[in-house]
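Everything on this sheet refers to the single structure shown next.
Hydrogens, waters and symmetry mates are skipped; everything else that's a heavy atom, side chains included, is used. This one's a predicted model, so the numbers in the text were calculated from it and none came from an experiment. Residue numbers start from 1 in every chain, and the chains themselves are labelled A, B, ... in the order their sequence lines are given, proteins ahead of strands.
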Number of protein chains: 2
Amino acid sequence: MVFKKITAADIAFFQSIEGMKAVLTDNESLESCASDETEDLHYMPEVVVQAQTVAAISRLMAYCNEQLIPVTPRGAGTGLSGGALPVYGGVVLDMKAFDKIIHLDKRNLQVTTEPGVITQVLQDYVKEAGLFYPPDPASKGSCFIGGNVAENSGGPRAVKYGVVKDYVLNLEVVLPDGEVVWTGANVLKNATGYNLTQLMVGSEGTLGIITKIVLRLIPAVRHDVLMLVPFRQAVQACEAVNAIFMAGYTPSAMEFMERDALEWSMRYTQATGISLPDDIEAHLLIEVDGNDKDALYNDMEAIAAVVQHYDIGDVLFADTHEQKQMLWTLRRKVGEAVKSNSIYKEEDTVVPRAELPELLRIIKQLGREYGFQSVCYGHAGDGNLHVNIVKGSMSDEDWNTKLTEGIRKLFAEVVRLGGTLSGEHGIGLVQKDYMDIAFSNRQLQIMRSIKQVFDPIGILNPGKVFAD
Amino acid sequence: MVFKKITAADIAFFQSIEGMKAVLTDNESLESCASDETEDLHYMPEVVVQAQTVAAISRLMAYCNEQLIPVTPRGAGTGLSGGALPVYGGVVLDMKAFDKIIHLDKRNLQVTTEPGVITQVLQDYVKEAGLFYPPDPASKGSCFIGGNVAENSGGPRAVKYGVVKDYVLNLEVVLPDGEVVWTGANVLKNATGYNLTQLMVGSEGTLGIITKIVLRLIPAVRHDVLMLVPFRQAVQACEAVNAIFMAGYTPSAMEFMERDALEWSMRYTQATGISLPDDIEAHLLIEVDGNDKDALYNDMEAIAAVVQHYDIGDVLFADTHEQKQMLWTLRRKVGEAVKSNSIYKEEDTVVPRAELPELLRIIKQLGREYGFQSVCYGHAGDGNLHVNIVKGSMSDEDWNTKLTEGIRKLFAEVVRLGGTLSGEHGIGLVQKDYMDIAFSNRQLQIMRSIKQVFDPIGILNPGKVFAD
């Protein structure tokens, strides 16, 4: 695909579109859309546009589709797979002006929102009405709900409440040729035609521009209890995860952190009030929630009894709001802490839950074999382990060649264990060359053909999901 | 599309396929696959085949694809939208020999099953291991899990536990050209490529033949409590549904039955022990479940307090297993009871929950306008109302012409309320001519193009979902 370079005439056209808030070509604006939170990647767009109406996006898309100009939609730029990076230049469609929560339908426990609303803002808004939108990616204070839908994000609560796809009822989408369609209906059950809604969720901005999102909500949950359990052997922490589920409990969070993850985060956040004895290899952060306080404490005690069977240190029960906040901040900041420490690559591996101990063993083994250090943490309750590979003292050559081989080996093992490449970050740019490990040619061909159904010319977020 | 008529040579080929258990052309076998549970429809296949291996299905499909022979997959034949009817003749692929539960993975709370397992059998099997597969269509004692996946079935428990799509992790599928693919991975979270699994769920056997199903399970729930609440005004029963959710409770079932529905089912099942005073217009059957018995009774009392605000009769609390069974049988048999009473058409309307009272009002108004009697019941907690339109004394002409107009009007109103055509029965044959009410041309064109990606020649379950 040879895309057209943007000309002054194109810019003039963009400026002429009614409802176009900004058409930016200054260096600062371009720079601000040249990277996201993925490694140290950098791709300059030719122009950044901010639309404020669906009609404006529709006209923009129709024009770019005709002119062979690539369009990369962008939310808050917090993605971890490079999905928002304009690898072929062209237009970055910045969605930040789509920042309105359109309608909270309390009667039906639904909210209709624009995609440029910060996830935390949306959560707080519905909470005011006694309602709950559970998915909570670590970046919830800065990421957009639209990006969450595009990537099918998860977060700690997914273990009990599911991921974004479990809450999306209906989407308004601008197709690459400018037509506007809804993907479904605002209903809890739907057996009417193919599930275009679920096809759009997690499609990483490659099938259409999401302009409205209808989410189902649930009644707010009143109480939660949190505990941090230190394990002397990391593999036992993974084993305990499964034992808790087998005992019949479904915590609202079940987070695993290797020693390094917690230590780096403690340093990064300058946390106090937590001790980290030398003999501790990993921690589980376990939360239970519900409406009956007594029942919660019973559950927490029963879970504590389960973990007592392992070689653990002193369990920390977080009683106060401040303590809970502190523990959650430590967990949420691990990613940033690792990033601040070294150049790194993050793999978002996911396996059937019970395979976690084996996965962790394999990661460390591969690290020894290919010479990399890894910091592992993530949503153990879902079998979703983030593997942060830090460059440290690795040579540039090893980093770019030998390591790639090691990552391929890692993904092959993940697939062998019944898992796949990404649990919640998406494939985007940085994992697309590994897709052949998880999928056969025929599977990939089906996905590519679906892409063609929506985007026959291929102008929408090109260079993502599929290997070139 | 002009399909080829099946010849003796085709039959001989089918017989030659290794792993083909039966190739049937006798009248009784053809008759047994000529109808399902949809109205009084009847379409004869030319041959019925029963395969017992994936490889046999693969060879069958490759051959039929090349020879332009239509193939209609069939589960237990309990469908309510005619999805399993061979409207173009050809081959019915009877999946009943795919009746093995392949692997219960207790460590990961997953089960891998073939599609020809009866849903109830699967539920009982996992229950033995302390696990729970919630979706429970009314026909669960006879329907196949494969059909449930194909139609994205629901059932009473969907209101708390979700529908089939919420439990399917991965599917093995034979494509129309005979290739075998898996749609995803056996993981709880997946952001790896387009969601082919969710595209396949609810595609009504038009995209591929499902040969293996991986389902997630949850820990078994220990207790439930059931009550039947009679309402003097049907519209108030619908209003109460919403009030219960707004009060913060999520029952594990919330079923609505119009007076006629219960009365016909009582007669049909020869139920005793239930009184139905003359002034009662409708009932809600409400179940709550959980692991803490005391908490359950508290919830049930709180819900009882909510419904007391309406004009209700004496609430029946079902204490014993027998009473619960009796009430559930009454609910589950409504469909059969209506069917035994008259020729009927069933519409599977679904709207945002709070719109139920308005929907019910509209249905009765349209009945008066178009001269039809309706018996309404269904999953009120999901906004999913089954509208059984009984022929009664209606003339054949009115039944076939005027009624169709009335149904179009009904669906238009459903869509106006934010709803859609089918909540859990699928579109199949009988609703396909109404698809233009719910979808624009562009939406339908996208769906048709997706069909072409999977089935370019169009041999798989032709004549379904899309208008001719």
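Of all heavy-atom pairs spanning A:Met246 and B:Leu109, the tightest one is SD-CD1, 3.7 Å. In plain terms, the two heavy atoms of B:Gly418 and A:Ala185 that are nearest each other are O-CB, 4.0 Å. Residues B:Gly419 and A:Val187 come closest through the heavy atom pair CA-CG1, 3.7 Å. Residue B:Val453 comes nearest to A:Val453 through the heavy atom pair CG2-CG2, 3.8 Å, listed as atom of the first residue, atom of the second, then distance. Smallest separation of non-hydrogen atoms from A:Val181 and B:Arg442: CG1-CG, 3.9 Å. Considering every non-hydrogen atom in both A:Asn190 and B:Thr420, the closest pair reads OD1-CG2, 3.6 Å.
Both the backbone and the side chain of A:Asp382 come within less than 4.5 Å of a heavy atom in chain B. Using a 4.5 Å cut-off between heavy atoms, A:His425 contacts chain B through its backbone alone, with no side-chain atom that close. Using a 4.5 Å cut-off between heavy atoms, B:Leu175 contacts chain A through its side chain alone, with no backbone atom that close. Looking at A:Asn186, the atoms closer than 4.5 Å to chain B (heavy atoms on both sides) sit in the backbone and in the side chain alike. Residue B:Lys106 touches chain A through both its backbone and its side chain, counting heavy-atom pairs closer than 4.5 Å. Within the 4.5 angstrom heavy-atom criterion, no atom of B:Gln452 approaches chain A. Using a 4.5 Å cut-off between heavy atoms, B:Asn441 makes no contact with chain A at all. Looking at B:Val163, the atoms closer than 4.5 Å to chain A (heavy atoms on both sides) all sit in the side chain, from C-beta outward. Using a 4.5 Å cut-off between heavy atoms, A:Lys451 touches chain B through backbone and side chain atoms alike. For A:Gln445, no part lies near chain B; criterion is any non-hydrogen pair under 4.5 Å. For A:Met435, the part lying under 4.5 angstrom from a heavy atom of chain B is the side chain only. Interface residue B:Glu424: backbone and side-chain heavy atoms are both found under 4.5 Å from chain A.
Per-residue heavy-atom pair counts under 4.5 Å with chain B were compared for A:Leu444, A:Thr183, A:Ile427, and the maximum is reached by A:Ile427. Ranked by non-hydrogen atom pairs under 4.5 Å with chain A, the options B:Gly428, B:Gly248, B:Gly423, B:Gly383 are led by B:Gly423. If you tally non-hydrogen atom pairs under 4.5 Å between each of A:Pro352, A:Ala158, A:Pro219 and chain B, the highest count goes to A:Pro352. Heavy-atom pairs under 4.5 Å with chain A were tallied for B:Gly162, B:Gly381, B:Ser449; the largest tally goes to B:Ser449. Contact count against chain A (heavy-atom pairs under 4.5 Å) is highest for B:Glu355 among B:Lys165, B:Arg216, B:Glu355, B:Arg222. Taking A:Phe466, A:Phe245, A:Tyr249 one by one and counting their heavy-atom pairs under 4.5 Å with chain B, the maximum is reached by A:Phe466. Chosen from A:Val351, A:Asn384, A:Asn291, the residue pairing most often with chain B at heavy-atom distances under 4.5 Å is A:Asn384. With chain A as the partner, the residue from B:Asn152, B:Ile218, B:Leu169, B:Val350 showing the most heavy-atom pairs under 4.5 Å is B:Val350. Among A:Gly154, A:Ala438, A:Ser422, A:Ser203, the residue with the largest count of heavy-atom pairs under 4.5 Å with chain B is A:Ser422. The candidate with the highest count of non-hydrogen atom pairs below 4.5 Å against chain A, out of B:Leu207, B:Asp166, B:Asp348, B:Asn170, is B:Leu207. When B:Thr250, B:Ile446, B:Asp292 are compared by the number of non-hydrogen pairs under 4.5 Å with chain A, B:Ile446 comes out ahead.
Within residues 192-201 of chain A, the residues having any heavy atom less than 4.5 Å from a heavy atom of chain B are, in residue-number order, A:Thr192, A:Gly193, A:Tyr194, A:Asn195, A:Leu196, A:Gln198, A:Leu199.
The CD atom of A:Gln443 sits 9.5 Å away from atom CD of B:Glu179, with the distance rounded to the nearest 0.5 Å. Atom OG of B:Ser440 sits about 13.0 Å away from atom CH2 of A:Trp182, to the nearest 0.5 Å. With rounding to the nearest 0.5 Å, the separation of CG in A:Asn108 from CZ in B:Arg353 is 7.0 Å.
With a 6.0 Å radius and a threshold of 12 heavy atoms from other residues, nucleotides or ligands, A:Lys160 has its NZ atom above the threshold. Within 6.0 Å of atom CZ in A:Arg416, more than 12 heavy atoms from other residues, nucleotides or ligands are found, so the atom counts as buried in its surroundings.
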